[in-house]
Amino acid sequence: MQERRRQLDDLELLELTSDCWRATLAPASGGNLIGLLHRPSGLEILRPPRNSAELRTNPQCHGTPLLLPPNRIADGCFRFNGRLCRLPVNEPATGSHLHGLMLGRPWRLDAMSGDTVTLACDFTRGEPEFAGWPYEFHLEMRYRLAPETLEHTLTVENRGSGAMPLGVGFHTTFLLPPEESATVQVPHQDSCWEVHPVRRLPTGGRRPWAPDELDLLDGRIPAHSRAIACHFPLGTGHAAVVLRRGWRISYRFDLQYRHLACWNGGGGREFFCIEPMSWMTNAPNLQLPPAVSGFAALNAGESRTFVSAYSVSR
């Protein structure tokens, strides 16, 4: 693996190259893998930003931004172990907190050895958000450029004195140029979560898929050809496929990701988001058992690791 530093305007990037991959990381913007080129095919797999302003304005729409906690929290509030957790309401249209604490937060380069680079970030009581999220934790993100796969590993370690709520996800944004008429194949069950039409929060009930939603998720129509915004529990399938120019891009995610969201910005755009989440949208506030919602806790001193991987084949 070779590495070099380069600039995207005022943002320093770390570029890692192997025979198979060129991975571009933005440590100062969420430790985000903002670019992933598969060299044998020439395919840019993830949607890169054109400039640093675009990344800062919409960090959730480029690369693989970490969401902790993922998706929406109603009114930004929930109770955990008798304590009120409060996050800012940053989506006024739905009255929710959206996308968590780590989006765009700076990370540091922790280690680089062989085919692996590790970034790290700490959330401590000195953070402004600690008053509403009073949990100290340490994060490590490892990127391994193996010959056939790029492996992406997140480890969350609880460094506080008590249990903390644990929900993580990635807003993985694939590049899908509309002129390619690319398709996706996304694992799903026979229904998805019903969501409120305005607040975009799950009601706790399920609804059947619309026929054109299934056509899109099963790869029968191009992924840009209709709008989709859906959220659903995963079953046994934990790998999605993007088909572009005769190549098969596989995105495999950890079994601990219990839910998936798919979103394409209203259709007709150059991206498609496949978002694995360990807990579902608004999980702490739903009257559903943890075995269903994915709501979980991480005890003091414990850590949990989530692994995803990308590969490309004919």
Side-chain angles (χ1 to χ4, degrees), residues 1 16 18-25 31-41 43-47 62-68 70-71 115-119 139-156 167-176 182-189 192 216-219 223 230-264 271-280 294 296 304-314:
M1 181 179 73
L16 311 171
S18 67
D19 290 342
C20 189
W21 306 103
R22 186 182 71 207
T24 304
L25 310 180
N32 193 347
L33 175 67
I34 61 169
L36 182 60
L37 176 72
H38 180 251
R39 299 180 71 189
S41 65
L43 287 175
E44 184 66 61
I45 293 171
L46 302 171
R47 185 192 189 211
H62 302 281
T64 61
L66 169 64
L67 312 180
L68 190 162
N71 220 301
D115 57 5
T116 302
V117 62
T118 303
L119 306 179
L139 301 175
E140 285 188 356
M141 202 112 70
R142 294 189 298 279
Y143 299 97
R144 177 173 175 261
L145 279 64
E148 302 298 328
T149 63
L150 184 136
E151 193 174 272
H152 181 189
T153 301
L154 169 70
T155 298
V156 184
V168 301
F170 284 93
H171 206 281
T172 312
T173 307
F174 289 89
L175 180 66
L176 267 67
T183 59
V184 299
Q185 296 172 356
V186 180
H188 57 81
Q189 296 186 22
C192 60
L216 192 155
L217 295 178
D218 291 337
C230 58
H231 175 33
F232 48 97
L234 283 165
T236 56
H238 278 71
V241 172
V242 176
L243 297 168
R244 289 182 55 193
R245 297 185 351 217
W247 293 88
R248 180 183 179 91
I249 301 166
S250 176
Y251 178 38
R252 176 172 49 84
F253 28 89
D254 201 290
L255 296 178
Q256 296 174 93
Y257 293 122
R258 308 280 295 280
H259 299 270
L260 208 64
C262 288
W263 176 70
N264 65 359
F271 65 85
F272 191 90
C273 295
I274 300 174
E275 310 168 32
M277 299 180 288
S278 67
W279 78 27
M280 65 185 289
R304 196 160 300 161
T305 295
F306 304 82
V307 182
S308 299
Y310 304 84
S311 61
V312 181
S313 61
R314 280 291 192 184

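When reading the values below, keep in mind they use all heavy atoms of this one structure, side chains included, and skip hydrogens, waters and symmetry mates.
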Test item: [X] and [Y] side chains (from C-beta on) under 4.5 Å apart, heavy atoms:
X: Leu67; Y: Met277; result: no
X: His152; Y: Met141; result: yes
X: Leu46; Y: Ile34; result: no
X: Asp115; Y: Ser18; result: no
X: Leu260; Y: His188; result: no
X: Phe170; Y: Leu33; result: no
X: Asp254; Y: Pro276; result: no
X: Ser308; Y: Tyr257; result: yes

Distance (rounded to the nearest 0.5 Å) between [X] [atom1] and [Y] [atom2]:
X: Arg47; Y: Cys273; atom1: CZ; atom2: SG; result: 8.0 Å
X: Leu37; Y: Glu44; atom1: CG; atom2: CD; result: 5.5 Å
X: Gln256; Y: Leu234; atom1: CD; atom2: CG; result: 13.0 Å
X: Tyr310; Y: Ile45; atom1: OH; atom2: CD1; result: 8.5 Å
X: Leu16; Y: Thr24; atom1: CG; atom2: OG1; result: 8.0 Å
X: Thr183; Y: Leu217; atom1: OG1; atom2: CG; result: 11.5 Å

Please check: side-chain N/O of Ser278 versus main-chain N/O of Val168, any donor-acceptor pairing under 3.5 Å? yes
Under the side chain to side chain contact (heavy atoms under 4.5 Å, CB included) criterion, do Asn264 and Leu176 qualify, and how do the steps go? CA-CA 10 Å; Asn264 65 359; Leu176 267 67; over 6 Å; no
Can you confirm if the aromatic rings of Tyr251 and Phe174 lie within a centre distance of less than 6.0 Å? yes
Counting heavy atoms not belonging to Glu148, are there more than 12 under 6.0 Å from its CD? no
Arg248 atom CZ: more than 12 heavy-atom contacts under 6.0 Å: no
List the atom of [X], the atom of [Y], and the distance in Å for their closest heavy-atom pair.
X: Phe253; Y: Ala240; result: CE2-N, 3.9 Å
X: Arg244; Y: Leu175; result: NH1-O, 3.2 Å
X: Leu145; Y: Trp21; result: CD2-CB, 4.1 Å
X: His231; Y: Met280; result: NE2-CB, 3.4 Å
X: Tyr143; Y: Asn32; result: OH-C, 4.1 Å
X: Ala23; Y: Leu150; result: CB-CD1, 3.9 Å

In chain order, what residues pass the salt bridge (charged side-chain N to carboxylate O under 4.0 Å, His left out) check against Arg304, with sequence neighbours excluded? none
Side chain to side chain contact (heavy atoms under 4.5 Å, CB included) assessment of Arg144 paired with Met1: CA-CA 10 Å; Arg144 177 173 175 261; Met1 181 179 73; over 6 Å; no
Partners of Glu275 by side chain to side chain donor-acceptor pair (under 3.5 Å), sequence neighbours excluded? His171
Set out, in order, the CA-CA distance, both residues' side-chain angles and the distance that settles side chain to side chain contact (heavy atoms under 4.5 Å, CB included) for His62 and Thr173, then state yes or no. CA-CA 6 Å; His62 302 281; Thr173 307; 5.8 Å; no
With sequence neighbours excluded, what pairs up with Ser41 under the side-chain contact (heavy atoms from CB on, under 4.5 Å) test? His38, Leu43, Trp247, Val312
Do Thr155 and Thr305 meet the criterion of a side-chain donor-acceptor pair at a distance under 3.5 Å? yes
